[in-house]
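Here's the structure, in structure tokens; my notes come after.
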Amino acid sequence: MKPAVPPLSRRILRVKSSPTVALNAKAKALAKEGVKVYNFAVGEPDFPTPKAVVDKAIAALQAGRTKYGPAGGGAEFLQAISSKLKRENGLDFAPSQIVAGIGAKEILFHIGLALINDGDEVIIPSPYWVSYPDQVVAAGGVPVFLPMPEDPAAQPLDVNALKQAATAKTVAIVLNSPSNPAGTMYDERLLHELGTFLCTTNWWIISDEIYEYMAFDHPHVSLLKLFPQLAERFILVNGLSKGAAMTGWRVGYCAGPTAVMKLVRDLQSHSSTCLPPFIEDAATYAIGQGNALLKHEVGIMKTRRDLALGLLKQMPGVKVAQPHGAFYIFIDVRPALRQAKTKIDTMALSEKLLLEQHIALVPGDAFGAPGFLRLSYACDEATITGGLQRLAAGLSAL
Ligand SMILES: Cc1ncc(COP(=O)(O)O)c(C=O)c1O
């Protein structure tokens, strides 16, 4: 008899594949069949990477920067990140307290592996970016979700709910401002309330600030700037995907306590090894330009947000609040679902809207918030106007 196939990892079997990637793939497949799809599921800026950045990479390739580089990032790149954190965020991190890696995603994955022991709880406020829970599970931890506040725009995170979610097993919390999927930002009042509470805990604080440049109404402030006493437990995560339109280049980094950075670097030395050196050279240039690199494009994003928001505010069956950052609007479709002739949930609604109206919107279920649809306005104005007309038609036909 043939021996049985050995079992798979029970831990990794609990990891689910990314639902946003799946929807985007379906939308792209429809478009390939020749269907005009209004794709609001995209999680990346639609602007090209600035030419000057591309030119740096080409020059670096031609100069032979094509071999392995040091794990965790080369000296020049780490220095450029250190200078950026000082210049733009008012934060002091020596290059030895910074690790660069293959996108914020890999960085977050390695942070999870570095900090979590089996059964440790990690608090994740809802609605959350899809990968946080699965990254915690992959590391052997248990994600503990904070319920979404009733009005996330006014109160993106409820500190009282946070206090209630804390247990003796809590080891970390993941913060994300500006946020994917809701576009919310922590204002100074919330930062103070949150920081004051976190000072009373002994948790790791993982702060994902990847949408920092997409802040439209008030500048992004890192919690660490207001609470420097958290430095020995605070890990800042950022990258060039969103703020420099460089998603495909896969450049992310983290800054934090030396002992944590060492583990993240060690893990990288056994996984991806390093960022490609020619990409690092281009990234060094991009990070040196800071928020000036895409200033014009961020202005365009803000105009799109205002356009989409204006249209949604007039649409029957939906509720929207003003998001202040990232490039998403989290549409509350619960009124439309309540009025629907046949009972339908947001997963089925998203599928129906794609098949019948050819609009791709990610169901809030993917982010721990059923009853909502996430709209990415990283697309042109004609797509926004045309697609939202279809959304109105789709909802009124329910
Ligand atoms: C909140 C958030 N964090 C991290 C990432 C990962 O970014 P990267 O492209 O650097 O891996 C994303 C990408 O969608 C995101 O939305």
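Remember, it's 1-based here, ligands and their atoms both numbered in the order they're listed. All heavy atoms count here, side chains included; hydrogens, waters and symmetry mates do not.
The nearest protein atom to atom 14 (O) of ligand 1, hydrogens excluded, is given as K242 NZ, 2.7 Å; this is a heavy-atom distance. Nearest to atom 7 (O) of ligand 1 among the protein's heavy atoms is I210 CD1, 3.5 Å. Looking at atom 3 (N) of ligand 1, its nearest protein heavy atom turns out to be D208 OD2, 2.5 Å.
Side-chain atoms of D380 and T383 include a donor-acceptor pair closer than 3.5 Å. Side-chain contact of E209 with N89: a donor-acceptor pair under 3.5 Å is absent, judged by distance alone. In the model, Q389 has no side-chain atom that pairs as donor or acceptor with a side-chain atom of T385 under 3.5 Å. Side-chain N/O atoms of R250 and S272 include no donor and acceptor closer than 3.5 Å.
Under a 4.0 Å heavy-atom criterion, E44 is not in contact with ligand 1. At least one heavy atom of R250 lies less than 4.0 angstrom from ligand 1. Heavy atoms of S241 come nearer than 4.0 angstrom to ligand 1 in at least one pair.
Set against the non-hydrogen atoms of N176, the atoms of ligand 1 under 4.0 Å away are 1 (C). Listed by number with element, the atoms of ligand 1 under 4.0 Å from a non-hydrogen atom of G103 are 10 (O), 11 (O). Interface atoms of ligand 1 facing Y132, defined by a heavy-atom separation under 4.0 Å, are 1 (C).
Around the NZ atom of K36, the shell of radius 6.0 Å holds more than 12 heavy atoms that belong to other residues, nucleotides or ligands.
On a distance-only criterion, Y328 and ligand 1 share no N/O pair closer than 3.5 Å. Considering backbone and side-chain atoms together, A104 places an N or O closer than 3.5 Å to an N or O of ligand 1.
Taking CD1 of I205 as the reference point, atom SG of C199 lies at 7.5 Å (rounded to 0.5 Å).
The aromatic rings of Y211 and Y328 sit perpendicular to each other, their planes meeting at more than 60°, with 30° as the lower class boundary. Y377 and F216 have tilted rings, their planes meeting at an angle from 30° to 60° on a 0 to 90° scale.
With atom 16 (O) of ligand 1 as the reference point, the heavy atom nearest to it among N180, L240, V251 is part of N180.
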